[in-house]
Amino acid sequence: CQDGRCAPVTSSPTSTPGMADLVIKNFSYNGHIVSNKDGNQVMLGFHIVNVGDTEPQSNFYVRVENVTNNKTLLNQYIVGQGFKPKETYNYQELYGKIGQGFSSGQNLIRITVDPENAVPESNESNNVDLEILTVTEVSQSVQPQPSTLKEPVFNLPPKQSSPGSV
């Protein structure tokens, strides 16, 4: 791993034409936990792409795990039929909290597409992505205190009658 990015776990890359090939791409995260009304949250995002020549002939799972604290963040069933070649599934709002998925500090995240190898693929060695992310808790912003200044009072001179008015 270098600069928080780990190379996908691979063995010797072999590819067989005429098959599906599921990969993880475009991992992103917000870099810190944001304090909001729902508590401290971090958001992950990634894409699953079928880079193969055909759609998968069976269903599969996508699993996201925090290896650092042994927490499963996502284990979702995906219907393989209809996942066309070059098509992408987007996961852009996967949330977690400190103590419920993430630890403060460095977290090793493993994203695995088809962890049970249910889909025969042209390359079975590119289904895992490892990422190191640093989670920094951000305290809630300081709320402005009520002002101690009083509203200004404007003393207007009494209305003067203009010449010619009764």
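Val119 and Val23 fall into different hydrophobic clusters, where Ile, Leu, Val, Met, Phe, Trp and Tyr residues are linked whenever their side-chain heavy atoms come under 4.5 Å apart, directly or through other members. Val49 and Phe60 fall into different hydrophobic clusters, where Ile, Leu, Val, Met, Phe, Trp and Tyr side chains are chained together by heavy-atom contacts under 4.5 Å. Hydrophobic clustering (side-chain heavy atoms under 4.5 Å, transitive across Ile, Leu, Val, Met, Phe, Trp, Tyr) groups Phe27 together with Tyr89.
A heavy-atom distance below 4.5 Å is not found between the side chains of Asp53 and Ser122. At least one side-chain heavy atom of Ile78 sits less than 4.5 Å from a side-chain heavy atom of Ile48. Side-chain atoms of Leu74 and Phe46, non-hydrogen and from C-beta on, do get closer than 4.5 Å to each other. Between Val51 and Asn123, every side-chain heavy-atom pair lies at or beyond the 4.5 Å cut-off.
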- Task: In sequence, state the C-alpha distance, the side-chain angles, and the governing distance for Leu44 and Phe102, and then conclude on side chain to side chain contact (heavy atoms under 4.5 Å, CB included).
- Result: CA-CA 11 Å; Leu44 302 179; Phe102 295 95; 3.9 Å; yes
- Message: Please evaluate residues Leu22 and Phe83 with respect to the criterion side chain to side chain contact (heavy atoms under 4.5 Å, CB included), reporting the C-alpha separation (whole Å), side-chain torsions for both, the decisive distance (0.1 Å), and the verdict.
- Response: CA-CA 10 Å; Leu22 307 173; Phe83 188 22; 3.6 Å; yes
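Asn75 contributes atom CG, which lies 4.5 Å from atom CZ of Arg63 (distance to the nearest 0.5 angstrom). Considering CG of Asn50 and NZ of Lys86, their distance stands at 7.0 Å, rounded to 0.5 Å. Distance CG/Asn69 to OG/Ser104: 11.5 Å, rounded to 0.5 Å. Considering CD of Glu65 and CD1 of Ile111, their distance stands at 10.5 Å, rounded to 0.5 Å. Note that the OG atom of Ser28 and the CD atom of Glu131 stand 9.5 Å from one another [nearest 0.5 Å].
Relative orientation of the Tyr77 and Tyr61 rings is perpendicular, given thresholds of 30° and 60° on the angle between their planes.
At least one donor-acceptor pair closer than 3.5 Å links the side chain of Thr54 to the backbone N or O of Ala20. Looking only at distances, a side-chain donor or acceptor of Asn59 sits under 3.5 Å from a matching main-chain atom of Gly80. Put simply, the side chain of Thr68 gets close to the backbone of Leu108: a donor and an acceptor are under 3.5 Å apart. Side-chain N or O atoms of Ser58 include one that pairs as donor or acceptor with a backbone N or O of Ala118 at under 3.5 Å. Asn127 contributes a side-chain N or O that, together with a main-chain N or O of Val113, makes up a donor-acceptor pair within less than 3.5 Å.
Listed by chain and number, the residues in a side-chain contact (heavy atoms from CB on, under 4.5 Å) with Glu55 are Gln57, Gln81, Lys84 (sequence neighbours excluded). For the side-chain contact (heavy atoms from CB on, under 4.5 Å) test, residues two or more places apart in sequence or in another chain that qualify with Asn117 are Asp114, Glu124.
Tyr91 and Gln76 share a side-chain donor-acceptor pair at under 3.5 Å. For the residue pair Asn107/Asn66, the side-chain donor-acceptor check at 3.5 Å is satisfied.
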